[in-house]
> 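Below is the structure I would like to discuss, written out as structure tokens.
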Amino acid sequence: MKILVTGGLGFIGSHTVVELQNEGFEVVAIDNLSNSSIEVLDGIEKITGKKPIFENIDLRDKSAVQNFFKKHSDVLGVIHFAASKAVGESVENPLLYYENNINSLVYLLQELTILPQANFIFSSSCTVYGQAEKMPITEDASVQPANSPYGNTKQIGEEIIIDVAKVSNINAVLLRYFNPIGAHSSAEIGELPIGIPQNLVPFITQTAFGLRKELSVYGNDYPTLDGTCIRDYIHVVDLAKAHVVALQRLLKKQNPEKVETFNLGTGKGSSVLEVINAFEKVSGQKLPYKIVGRREGDVISAYANTDKANEVLGWKAELSLEDGLASAWKWEQKIRS
Ligand code: WQD
């Protein structure tokens with residue numbers, strides 16, 4: 001069975017390609033290499049022994065998307081990761097985000113509605129909840145007005161899929177990620193942030209390696225136990241496995257509704273200082289950091305209620321924060337060696 005993974009050479013995409021291949025799927029990966037590198041194909045092959053079919057396509061090119069589906073009309077499902085995802089960049093350059101994240105989705109869906117089977121897994125984000133009132137966050141928590149164009153493209157994307165599924169053969173699962181971290185245990189694939197990392201864990205591992213002088217902790221005056229923000233850090237391999245489970249649910253037509261939504265997290269919240277302490281434990285290294293002012297747009301706390309994913313989807317995160325940090329550290333050391 002052939003599955004398309006868009007953004008298949010990216011951080012979460014490449015880990016999902018590995019898990020799909022482990023389950024015996026044939027994978028075709030689309031990537032425009034704007035935030036990934038072609039060497040990721042070799043990393044995947046080193047892990048599974050199989051190199052996915054690769055198409056260097058920019059999904060903003062409508063005719064390229066149409067030609068892709070003419071060539072690969074036997075695709076039975078699509079897992080859609082390809083999107084721009086830097087919150088801060090989206091504030092500076094909203095049109096880049098609306099063009100890339102929305103146009104690409106529309107062109108993909110237009111082609112999918114023509115396929116005999118159209119199973120669609122959408123990469124969404126807990127950012128749609130904004131600062132949810134109640135922790136842990138359930139899927140029926142209200143979607144708040146987005147606090148960045150990036151977050152808005154996730155909300156709009158979900159709404160587009162819901163509207164299209166109503167009048168087409170598309171069945172979809174919206175997966176709202178919390179904070180993906182870590183790397184495959186082989187250290188053959190992992191996160192490759194370009195430039196100064198925006199996210200906490202890659203900044204920590206680069207600091208530990210000596211590429212950054214120290215970590216800036218964005219505020220310790222929040223109403224939390226130690227004053228720093230709380231997040232749900234989920235291992236990227238657990239996250240990848242959830243995509244395979246969601247796809248198999250659609251392929252086996254186990255979905256009672258045309259569009260289903262699941263929060264993907266560990267269900268455990270960790271503060272920034274707790275992440276730092278955990279990293280120091282797993283790495284055996286002291287991490288230099290300083291407390292600075294708050295970052296615009298940060299929510300105080302966000303961690304998942306995982307009941308629906310556990311009981312309905314039949315998936316549960318198995319790896320811990322420490323596993324994620326240890327694998328991220330192993331990966332950082334590998335790519336710098
Ligand atoms: C985590 C915590 C920061 C960096 C974003 C997107 C989300 C998803 C994941 C794409 C926060 C603190 C961070 C640093 C710090 N992106 N921090 N110093 O903002 O929760 O989520 O990335 O899918 O959609 O919203 O993740 O890793 O940036 O921050 O103190 O140098 O670490 O304040 O509390 P975030 P993050």
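Computed from a prediction, not measured in an experiment: that's the story for all the values here. Each ligand, and each atom within it, is numbered from 1 in the order the structure gives.
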> Show me which atoms of ligand 1 lie under 4.0 Å from any heavy atom of S125.
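So the answer, numbered in order with elements, is 7 (C), 24 (O).
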
> Checking R231 against F178: charged group under 6.0 Å from the ring centre and within 45 degrees of the axis?
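No, R231 and F178 do not form such a contact.
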
> Taking non-hydrogen atoms only, is S216 closer than 4.0 angstrom to ligand 1 via side chain, backbone, both or neither?
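It is the backbone that touches ligand 1; the side chain stays farther off.
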
> Could you see which bit of V201 sits under 4.0 Å from ligand 1, with heavy atoms only: side chain, backbone, both or neither?
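The answer is neither.
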
> What atoms of ligand 1 come within less than 4.0 Å of a heavy atom belonging to V87?
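Those atoms are 6 (C), 25 (O).
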
> Please check if atom NZ in K71 has more than 12 non-hydrogen atoms from other residues, nucleotides or ligands closer than 6.0 Å.
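12 or below, so no.
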
> Run the numbers for me: atoms of ligand 1, each under 4.0 Å from some heavy atom of Y150, listed by number.
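So the atoms of ligand 1 that pass are 10 (C), 16 (N), 23 (O), 24 (O).
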
> When you look at H15 and F81, which way does the ring pair (Phe, Tyr, Trp, His ring centres under 6.0 Å) test go after all the steps?
CA-CA 11 Å; H15 287 82; F81 294 104; over 10 Å; no

> Taking the cut-offs as 6.0 angstrom to the six-membered ring centre and 45 degrees off its axis, would you call K154 and F122 a cation-pi pair?
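That pair qualifies as a cation-pi contact.
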
> List ligand 1 atoms under 4.0 Å from V272, heavy atoms only on the residue side.
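Listed by number with element: 12 (C), 32 (O), 34 (O).
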
> If we set the cut-off at 4.0 Å for heavy atoms, which region of F11 has an atom near ligand 1: side chain, backbone, both, or neither?
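No part of F11 comes within reach of ligand 1.
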
> Of all the atoms in ligand 1, which lie at a distance below 4.0 Å from a heavy atom belonging to Q198?
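So the atoms of ligand 1 that pass are 4 (C), 28 (O).
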
> Got a sec: does the CD of Q333 have more than 12 other heavy atoms crowding it under 6.0 Å?
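Yes, because the 6.0 Å sphere around CD of Q333 holds more than 12 heavy atoms from other groups.
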
> At under 4.0 Å between heavy atoms, is it the side chain or the backbone of L200 that contacts ligand 1, or both, or neither?
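Within the 4.0 Å criterion, L200 contacts ligand 1 through backbone and side-chain atoms alike.
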
> Using a 4.0 Å cut-off to any heavy atom of C229, which atoms of ligand 1 qualify?
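Every atom of ligand 1 under 4.0 Å from some heavy atom of C229: 34 (O).
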
